[in-house]
Amino acid sequence: MSDDTRRGEPADGPAPGTVDVWWAPLEPPAPPGALLRAYLSPDEHRRAERFVRDRDRVRFVAGRAFLRLLLGRCLGEDPRGLVFRYGPNGKPELEGPPRGLAFNLAHSGARAVCAVAGGCDALGVDLEQVRPIGDAEGVARLALPRGEVARLASLPEPQRLRGFYEAWTRNEALLKALGLGLGRPLDDPALGERLSLHAFELEDDHVGAVAVAGRGWRLRHRAWSWEDCA
C-alpha cells in the first residue's frame, strides 16, 4: 500500500454499534516485516532498542506498526503522523482533536488484537494464550475479583486452566477500559456496571475479552494482512 493511497483512501472504521476486533500475527513475513520500522516514532524506536532478544524486538515493532496502520486505516490518516499520549497507568490515546474512535491493544506471544469502536468513551481488550501456569488458583485469589475466584473453584478440574485465563481476560479488559492498573482484582462492582463484557477466541488456543461502555454492542472479528502493507 503506497503512502499516497493510504492518505487518500476512505476510512475503514467500525460500523455503528460494532466493536471491530482485529487480530494480527506479530512475526510478519518478509518483505513487510522489514518495512514496519518506518512507521514508528523516534520514541518507539528507542523502546524497541531496549529489547535484548531479537524476537521480542520484532514483535514490539510489529505491534506498534499494527496499531498505527490500523488506526490510520480507520481514520483515513497517515499512520506515521499519529501521536499518542498515555494515561497514568499507560493506556494510550490519540493526541489532537477528538476523532470519535476508541481503541485498545493487547498481545500474547506472537498474536496481537486491537479493538476499535466509535461512539463510546470506554473500551478495553485483553488476550491470553492458554498455557500451563503454576498455582493458578493462588494467582486467581490475588489478582481476580472474589466472584471470579468462586466461579473458577466451581468448575470441574479439567476446565479450570482455561477458566482461569477466561476470568483473567475479563478482569483485565475491564481494568483497561477504566484506565486502572493491571494485575489487580476489580472488586468494586459499581466500577464495571456501565460496561458490557464480550468474550472471544482466536486460533492457537488464545482467549480474550472486550469491555465496552454501554449495552447492545456486537463484535466483528477481522484478520489483519501484512501483505497489504508491502
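Here the shortest heavy-atom pairing between Leu105 and Gly63 reads CD2-O, 4.1 Å. Here the closest non-hydrogen pair linking Leu123 and Asn104 is O-CB, 3.7 Å. Of all the heavy atoms in Gly33 and Pro28, the pair that sits closest is CA-CG, 3.8 Å. Between Ala177 and Ala211, the shortest heavy-atom contact is CB-O, 3.9 Å. Between Trp226 and Ala62, the closest heavy-atom pair is CH2-O, 3.4 Å. Here the shortest heavy-atom pairing between Pro92 and Tyr86 reads CB-CE2, 3.5 Å.
Within a 6.0 Å sphere centred on CZ of Arg146, other residues, nucleotides and ligands contribute 12 heavy atoms or fewer.
Arg151 is linked by a salt bridge (Lys or Arg N to Asp or Glu O under 4.0 Å) to Glu148, counting only residues two or more places apart in sequence or in another chain. Residues passing the ring pair (Phe, Tyr, Trp, His ring centres under 6.0 Å) test with Tyr165, sequence neighbours excluded: none. Remark: Arg37 engages His45, Ala48, Glu49, Arg57, Val61 in a side chain to side chain contact (heavy atoms under 4.5 Å, CB included) (not counting sequence neighbours).
A heavy-atom distance below 4.5 Å is found between the side chains of Val116 and Leu71. Annotation: side chain of Leu36 is not in contact with side chain of Phe66 (no heavy-atom distance under 4.5 Å). Contact check for His107 versus Cys114: no side-chain heavy atoms found under the 4.5 Å cut-off. In this structure, Glu95 and Phe84 have side chains that are not in contact, with every pair of non-hydrogen atoms separated by 4.5 Å or more. The shortest side-chain heavy-atom distance between Leu161 and Val130 falls under the 4.5 Å cut-off. A heavy-atom distance below 4.5 Å is found between the side chains of Asp12 and Arg222. Two residues are said to be in side-chain contact when any heavy atoms from C-beta on lie closer than 4.5 Å; His206 and Ser108 meet this criterion. Side chains of Pro145 and Asn171 form a contact here, defined as non-hydrogen atoms less than 4.5 Å apart.
Under the side-chain contact (heavy atoms from CB on, under 4.5 Å) test applied with Ser41, the options Arg64, Arg80, Arg68 reduce to a single match, Arg68. Of the candidates Phe103, Trp22, Phe200, Phe200 is the only one forming a side-chain contact (heavy atoms from CB on, under 4.5 Å) with Val125.
Listed by first then second residue, pairs satisfying salt bridge (Lys or Arg N to Asp or Glu O under 4.0 Å) with a partner in residues 98-120 read Glu77-Arg99, Arg111-Glu203, Arg111-Asp204, not counting sequence neighbours. Applying the salt bridge (Lys or Arg N to Asp or Glu O under 4.0 Å) rule to pairs touching residues 207-221 yields Asp20-Arg220, sequence neighbours excluded.
Remark: the backbone N or O of Ala213 is not paired with any side-chain donor or acceptor of Asp121 at under 3.5 angstrom. Checking side-chain atoms of Glu172 against main-chain N and O of Gly183 turns up a donor-acceptor pair under 3.5 Å. When atom types are taken as modelled, the side chain of Lys91 and the backbone of Lys176 share a donor-acceptor pair closer than 3.5 angstrom. Arg160 contributes a side-chain N or O that, together with a main-chain N or O of Ala153, makes up a donor-acceptor pair within less than 3.5 Å. With Arg141 contributing its side chain and Val139 its backbone, the two residues share no donor-acceptor pair below 3.5 Å.
Leu202 and Val207 sit in two unconnected hydrophobic clusters of ILVMFWY residues. Membership requires side-chain heavy atoms under 4.5 Å apart, directly or through other members. Leu101 and Val19 are assigned to two separate hydrophobic clusters, defined by single-linkage of ILVMFWY side chains at heavy-atom distances under 4.5 Å. A chain of hydrophobic side-chain contacts below 4.5 Å, direct or via other Ile, Leu, Val, Met, Phe, Trp or Tyr residues, connects Trp23 to Trp217. Cluster annotation: Leu82 is connected to Leu70 through the hydrophobic network of ILVMFWY side chains, with a link wherever side-chain heavy atoms come within less than 4.5 Å.
Once rounded to the nearest 0.5 Å, the distance linking CD of Glu166 with CZ of Phe164 reads 11.5 Å. A distance of 12.5 Å separates CH2 of Trp224 from CG of Leu26, quoted to the nearest 0.5 Å. Leu144 contributes atom CG, which lies 11.5 Å from atom CD of Glu137 (distance to the nearest 0.5 angstrom).
When hydrophobic side chains of Ile, Leu, Val, Met, Phe, Trp and Tyr are connected at separations under 4.5 Å, Leu182 ends up clustered with Leu174, Leu175, Leu178, Leu180, Leu186, Leu191, Leu195, Leu197.
Salt bridge status for Arg59 with Asp54: absent, with no side-chain N to carboxylate O gap under 4.0 Å. For the pair Arg47 and Glu44, the salt-bridge criterion is not met [side-chain N within less than 4.0 Å of a carboxylate O]. We find that Arg162 and Asp205 are joined by a salt bridge, their nearest charged nitrogen and carboxylate oxygen being less than 4.0 Å apart.
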